[in-house]
Amino acid sequence: MVKGSKEYIASLEKEKKLTEDQIALAKEALKNPSELVSTKVKTTTTTSASDTSSNTSTSSSSSSSGSGTKLDTLLTNALGLQGKFTYKQVGGKFKGTYDQFVKGAISDCSQFVQEMFDEFLGINLPRTAAEQAKQGVAVQKADLQKGDLVFFNTTGKANSHVGIYTGNGKFVQMGNSGLKEQSLSSSYWSPKYQGARRINGVGESTSASTPSVNTNTSATKTTTTSSDGKVKTEVVKATQKEIDDAVRDLELNLSAWTAEVYQQSLDIIDAYVTKTDNEIAKLQSKRELSANKQSRYTQDSAEWRKEEMAQSSYLQQEQKLLEQQSKDIRQQLIDKKITKGEYDAKLAENSAKWWDYQAQIDEKRKSVFDSQIAAYEKQTKSSDDALAVSDANLKMMTEGTVEFNKELRNQIPIYENKASVLTKEISYVKSLLASNKLNAEMTQYYNDKLQELNLSLLDTNSALKDVNDRLKDLRESAADNIIEEYKKVIEQQRDLALDAIDQEREKEDKRHEERTKNIDKEQKQFETYINARLKAFDRENANVDYTEELKKKMDERQKIQDRLNTLSADNSMEGKAKRKELQDQLTTIDEEIRKFQRDRDRELVKQGLQDQLDDHKDYNDKLKDGEDKLHEDTLKKLDKEKKETERKYKDILEDQKKFYELKKGLMSNDAIVVTATLGIISGEYDKLFGTINKHVFETSKEMQNMVYDFQKSMEGLNKYSGGDYSAPNSDASTGGSTGGNTAGTIKGTTAARVAWTEYLSNKQSAESIKTKMAALQKGSMEYKGFEQQFDALKKKNDQLRSVYGFPDGSFNDLVNQKIFSAETGGMTPANMGNEGKFLLAHEKELILNKSDTGNILKVVDVVRGITDKIKSGLNLSGLFPKVSPTPSSTDNSVRIDKVEIHASDKDTGTSLLSKFENALNSKLKARMI
C-alpha cells in the first residue's frame with residue numbers, strides 16, 4: 001500500500017476509528033470497573049508425536065485459532081513443490097483432487113493460489129488474479145505477513161500476476177520458469193509490485209485486546225477437555241487486585257490512545273500531504289521529461305511551444321494540487337479539531353510556493369507567447385528579405401519592361417503574405433490581451449507590441465498598395481500611350497482623308513480648267529479650221545470661176561471663129577440666122593441655169609460650214625455649261641465629304657466612352673479581352689496603312705517616313721501584349737520570351753494574326769478544361785462533356801497549326817512569343833473584304849491594289865496592240881472621202897499633231913484603248929472635212 005494513496009488514508013482513518021472506538025469503550029468500561037477484567041482462559045493443545053507440540057496460554061477473552069498451523073502447512077507444501085510444476089495458462093477451477101493437481105504439475109499463478117487456499121485453508125478464492133485482488137483487505141508492503149497475497153503488473157494490466165507471501169520479503173509464485181520463491185526487492189519484481197491483500201481467516205489473530213465483561217465470574221476454577229483429549233481449557237476468575245491493575249492499565253492506555261488518536265490525525269494529514277506531494281512529483285517528472293524533449297527544438301518552433309505549454313499545464317496542475325493540499329490541511333485541521341500551529345509553517349511554505357508557481361506559469365505563458373510572436377516575426381523577416389532582394393533586382397532593370405513588371409508583380413504575394421502574417425499576429429496579440437491571463441507588466445508589453453504591429457500592417461498595406469498602384473500606373477501609362485498613338489492613327493486617317501479630298505478638289509480644279517481650255521482651244525481650232533476651209537473654198541471657187549470664164553472666152557472666140565467658118569459656107573442666110581439665134585438663146589439659158597446652180601451650191605456649202613461652226617459652238621457651250629455644273633457639283637460634293645469627314649473624325653476623337661472602353665479592355669486582367677482590344681486597335685492601323693497605300697504623296701520618301709513612324713508606333717501594341725509597359729521608343733529588352741521562340745516567324749497576314757488570337761484562346765480554354773477534368777471521376781457524364789470540349793479545341797488548334805505553322809506549347813509559353821515578321825512576306829488570302837487588311841512591307845517595296853494589278857496587265861495588252869498597229873502602219877483609207885481630181889487639186893496627206901483623251905480612275909485598259917481609237921478617228925474625220 002503506497003503511502004498517501006486513498007487506500008492508505010482509508011486504512012489510517014480506519015485505525016483512527018478503531019482507536020477512537022477503544023477510547024469510547026474504555027471510558028464506558030471505567031464506569032463499571034468489575035467488567036474490565038474477564039476470566040482467564042488457558043488452552044493447551046497436544047499434537048501427535050510426529051507433529052510439533054505447542055501449548056498456548058492467554059489471558060484474553062478469546063483464544064488463538066488453528067489457522068496458523070494450516071498456513072504453515074500450506075507454505076511448507078508450496079515451497080516443497082518448487083521445481084516440480086510447469087507454468088501454463090489454463091482456464092477454470094481445477095477439477096479433481098489435490099493429489100491429482102500435484103501429479104499433473106501444470107498450472108498458472110492464480111489457479112495455484114486458488115488450489116492451495118482451498119486445500120489447506122478451506123478458503124474458496126476467485127479464479128483470476130484480478131478478481132483475487134478484490135478479496136480481503138489491503139495491506140501495506142511494510143506490514144506484510146505470511147499468507148498475504150501479493151499482486152504484480154507483468155502484462156501491462158493491473159493485478160495480472162499473484163503470489164503468496166512467505167515472509168522475510170519473499171513470496172512463492174507460479175511463473176514462466178515454474179514454481180519458485182522470489183524476492184520482492186529484486187530488480188524484476190520490485191517495479192512491478194502493485195499491492196497486497198489479506199484474506200479473512202488467514203494468519204494469526206492480531207485484534208486489539210478489547211476488555212470484555214463477564215458478570216458471571218466466580219472464584220471457582222473450571223477445566224474443559226476436548227473429546228479427543230488433545231485440547232484442554234481452564235477458566236479462572238480475576239482477583240480485585242487484577243481489577244485495580246486493569247483500571248490503572250486502562251487509564252494509562254486511555255491516555256496513550258488519546259495521544260495515539262492525535263498522532264493518527266497528524267498521520268492522516270501527513271498522508272494527504274504525501275498524496276499531493278506524490279502527485280506533484282509525478283507532474284515534475286513529466287515537466288523534466290518535456291523539458292528534455294523541448295531542448296531538441298528551436299525556440300520559435302511549434303514543437304517547442306507545444307512542450308512549453310505542456311510544462312505550463314503541468315505547473316498549473318501542480319499549483320492547483322498545492323492549493324488543494326492547503327485546503328485539505330485546513331479542512332483536516334478543522335475536522336480533526338487540531339488547534340495547535342502544527343502546519344502553519346507548511347501552509348506558509350505552500351503559499352510561497354503557490355506564488356512561485358504563478359511566476360513560473362506567467363514566465364512559461366510569456367515564453368509561449370513570445371515564441372509564437374517570434375515565429376510570426378520570422379515569417380515577416382523572410383518576407384522583408386525577399387522584398388529587399390526584389391528591390392535590388394528592380395534597381396538593375398528598366399522600368400516597365402517585362403522583367404521589371406514580373407519582378408514588381410512578384411512582390412504582391414510577398415506583401416500579401418506579410419500582411420496575412422501580421423494580421424494573424426495582431427489577432428494573436430489581441431486574443432492574449434482579451435484572455436485576462438496577463439499580469440500588468442505583460443499587458444503593457446503586449447499593448448505596445450499591438451500598436452507596433454498595427455503600424456507595421458499599415459506600412460505593409462501601404463507598400464502593397466504602392467506596388468499595385470505602380471503596376472497600374474505603368475500599365476495605365478502604356479495603355480494611355482497606346483490610346484494616344486491610336487488617336488494619332490485616327491487623326492492621321494482624318495488628315496489623309498481630308499488631304500485626299502483636297503487633292504481631289506485640286507485635281508478637279510485642274511481637270512475643269514484643262515477641260516475648259518481644251519474646249520476653248522478645240523473651238524478656236526475648229527473656227528480656224530472652218531475659216532481656213534472657207535478661204536480655201538473661196539480660192540477654189542475663184543479658180544473655178546477663172547477657168548470657166550477663160551473657157552467661156554475661149555468658147556466665144558471659137559464660136560466667132562466657127563461663125564466665120566460657117567459664114568463662109570452658108571447657103572441660106574435666113575435659115576442660118578434663125579438657127580443661130582435659137583442656138584444663142586439656148587446657150588444663154590444653159591449658162592444662166594449653170595450659174596444659178598453653181599451659186600446655189602456655193603451658198604449651201606457656206607451655210608453648211610456656218611451651221612457646223614454654229615453647232616459646234618453650241619455644243620461646246622453646252623459642254624462648258626455641263627462641265628461648269630459638274631465642276632460645281634463635284635466641289636460641293638467634295639466640300640460636303642470634307643465636312644462629313646471632319647465631323648466623323650471629330651466624333652471619333654471626342655468619343656470618350658469608346659476610348660474609356662478601349663483603356664478598360666487594355667487594363668483588363670483577362671488576356672483574351674486584352675488581345676481582343678489590341679486587335680481592335682490593330683484594325684485601325686490596318687485601315688491607316690490601307691489609306692496610306694491609296695493616298696497620293698508628293699514624294700515616295702514622304703510616304704515611307706509616315707509608314708515607318710506608324711510601324712514604330714504599332715510596336716507598342718506588341719510590347720504591351722508581351723507585358724512590356726516601358727516608355728515608347730525604349731531600347732530596353734522586352735524579356736527573354738522572344739529568344740526562346742524555336743518555331744521561327746509566321747507569314748504575317750491578318751488572317752494569321754486572327755488565327756493566332758483564336759489559337760491562344762483555345763489553348764487557354766483547353767488548359768482550364770484539363771484542370772477541371774483532373775478533379776472529376778473518369779467516366780462521369782461531366783468528365784465526358786469536358787473531354788468532348790477539350791477534343792474539339794485540340795482538333796481546331798491542330799488545324800490551325802497545320803495551316804499557319806504555329807508552334808505548340810502551353811498558353812504561358814506561347815502568349816509572349818512574337819512569331820510575325822515583315823520579312824516572311826507571302827500571298828494575301830482570299831475573302832479579305834473591300835476595306836483591305838494591314839500589311840507589313842519592306843523598305844522601297846511597291847504596293848499595288850487589286851485593281852492596279854489588273855489594270856497594269858490590261859495596259860500592257862493595250863500598249864502591245866498600239867505598238868503592233870504602229871509597226872504595221874495605220875490604214876486610214878477608209879477614213880477619207882473619195883474626191884474627183886481637179887486641175888487645181890492639192891496634197892491630200894494628213895498630219896495629226898496631238899490626240900487627247902480624258903481618263904478617270906474607273907477606266908480600264910480596254911476603255912482607254914477605245915477612247916484613244918475614238919479620239920483618233922475624230923481627229924481624222926475633222927481633218928478631212
Side-chain angles (χ1 to χ4, degrees), residues 279-322 353-393 410-461 463-464 467:
E279 293 175 351
I280 290 175
K282 291 179 182 178
L283 291 171
Q284 288 173 341
S285 298
K286 291 181 179 180
R287 268 200 296 130
E288 292 175 0
L289 182 63
S290 175
N292 292 333
K293 184 178 179 181
Q294 185 185 38
S295 63
R296 299 197 297 267
Y297 307 125
T298 57
Q299 193 166 350
D300 58 359
S301 65
E303 294 83 359
W304 189 93
R305 289 192 295 278
K306 180 180 178 182
E307 297 302 326
E308 190 75 359
M309 287 188 288
Q311 294 171 36
S312 176
S313 176
Y314 294 145
L315 284 170
Q316 293 176 57
Q317 294 177 52
E318 292 174 37
Q319 186 186 44
K320 289 179 180 179
L321 286 171
L322 191 66
K353 283 184 177 180
W354 190 94
W355 286 107
D356 181 57
Y357 274 123
Q358 187 61 43
Q360 292 184 61
I361 291 168
D362 289 342
E363 185 64 29
K364 290 288 182 185
R365 284 176 177 168
K366 190 172 186 304
S367 297
V368 172
F369 302 157
D370 291 345
S371 173
Q372 181 62 63
I373 290 174
Y376 285 132
E377 291 179 347
K378 183 178 181 181
Q379 296 180 53
T380 56
K381 185 179 184 302
S382 176
S383 298
D384 289 337
D385 292 342
L387 290 170
V389 172
S390 180
D391 287 337
N393 290 334
N410 288 340
Q411 289 188 358
I412 294 176
I414 300 175
Y415 276 117
E416 289 176 342
N417 179 65
K418 182 179 178 182
S420 175
V421 172
L422 287 172
T423 301
K424 292 177 182 177
E425 188 174 0
I426 289 171
S427 299
Y428 180 73
V429 173
K430 285 182 177 179
S431 67
L432 296 181
L433 293 170
S435 65
N436 295 323
K437 294 182 180 179
L438 307 179
N439 56 33
E441 181 181 358
M442 293 169 66
T443 300
Q444 182 60 43
Y445 172 80
Y446 287 114
N447 272 322
D448 295 341
K449 188 67 178 178
L450 180 61
Q451 185 176 1
E452 176 186 341
L453 291 173
N454 282 325
L455 291 174
S456 180
L457 179 59
L458 286 174
D459 292 340
T460 301
N461 288 332
L464 176 60
V467 171

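Quick note: residue numbers are just sequence positions, from 1.
A heavy-atom distance below 4.5 Å is found between the side chains of Leu387 and Tyr415. Tyr314 is not listed as a side-chain neighbour of Gln284, based on a closest heavy-atom distance of 4.5 Å or more. Counting only heavy atoms from C-beta outward, the side chains of Tyr445 and Glu441 never approach each other to under 4.5 Å.
Summarising the geometry, atom CG belonging to Leu438 is positioned 4.5 Å from atom OG1 belonging to Thr443; distances are rounded to the nearest 0.5 Å. Interatomic distance, CD of Gln358 versus CD of Gln360, reported as 10.5 Å (0.5 Å rounding). Atoms CG and CG, on Leu422 and Leu458 in that order, are 10.0 Å from each other to the nearest 0.5 Å. The CD atom of Gln311 lies 7.5 Å from the CZ atom of Arg287; values are rounded to the nearest 0.5 Å. With rounding to the nearest 0.5 Å, the separation of OG1 in Thr298 from CZ in Arg305 is 8.5 Å. The line from NZ of Lys364 to CE of Met309 is 12.0 Å long, rounded to the nearest 0.5 Å.
Between the side chain of Ser382 and the backbone N or O of Lys378 there is no donor-acceptor pair closer than 3.5 Å. Side chain of Ser435 to backbone of Leu432: a donor-acceptor contact under 3.5 angstrom is found. Checked by atom type and distance alone, the side chain of Thr380 never pairs as donor or acceptor with a backbone atom of Lys418 at under 3.5 Å. A donor-acceptor pair under 3.5 Å is absent between the side-chain atoms of Ser371 and the main chain of Ser367, judged by distance alone. Thr423 places a side-chain N or O within 3.5 Å of a backbone atom of Ala419 that can act as its donor or acceptor partner. Proximity of a side-chain donor or acceptor of Thr460 to a complementary backbone N or O of Ser456 within less than 3.5 Å is detected.
When the side chain to side chain contact (heavy atoms under 4.5 Å, CB included) test is applied to Lys430, the partners found at least two apart in sequence or on another chain are Ile426, Leu450.
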query = Passes salt bridge (charged side-chain N to carboxylate O under 4.0 Å, His left out), Lys366 versus Asp362? Steps please.
reply = CA-CA 6 Å; Lys366 190 172 186 304; Asp362 289 342; over 6 Å; no
query = So Arg296 and Glu303, salt bridge (charged side-chain N to carboxylate O under 4.0 Å, His left out) or not? Walk me through it.
reply = CA-CA 9 Å; Arg296 299 197 297 267; Glu303 294 83 359; over 6 Å; no
key: salt bridge (charged side-chain N to carboxylate O under 4.0 Å, His left out) evaluation trace for Lys449 with Glu377   = CA-CA 12 Å; Lys449 188 67 178 178; Glu377 291 179 347; 2.3 Å; yes
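The shortest non-hydrogen separation linking Glu308 to Val368 is CG-CG2, 3.4 Å.
A donor and an acceptor atom, one from each side chain of Gln372 and Tyr428, are nowhere located under 3.5 Å apart. Side-chain atoms of Gln316 and Ser312 include a donor-acceptor pair closer than 3.5 Å. With hydrogens and angles left out, the side-chain atoms of Glu416 and Ser420 include no donor and acceptor closer than 3.5 Å. In the model, Gln451 has no side-chain atom that pairs as donor or acceptor with a side-chain atom of Asn447 under 3.5 Å. For the residue pair Asp370/Tyr446, the side-chain donor-acceptor check at 3.5 Å is satisfied. Side chains of Asn292 and Glu288: a donor-acceptor N/O pair is absent below 3.5 angstrom, by distance only.
Partner of Tyr357 under the side-chain hydrogen bond (donor to acceptor under 3.5 Å, both in side chains) criterion, chosen from Glu318, Lys320, Gln319: Glu318.
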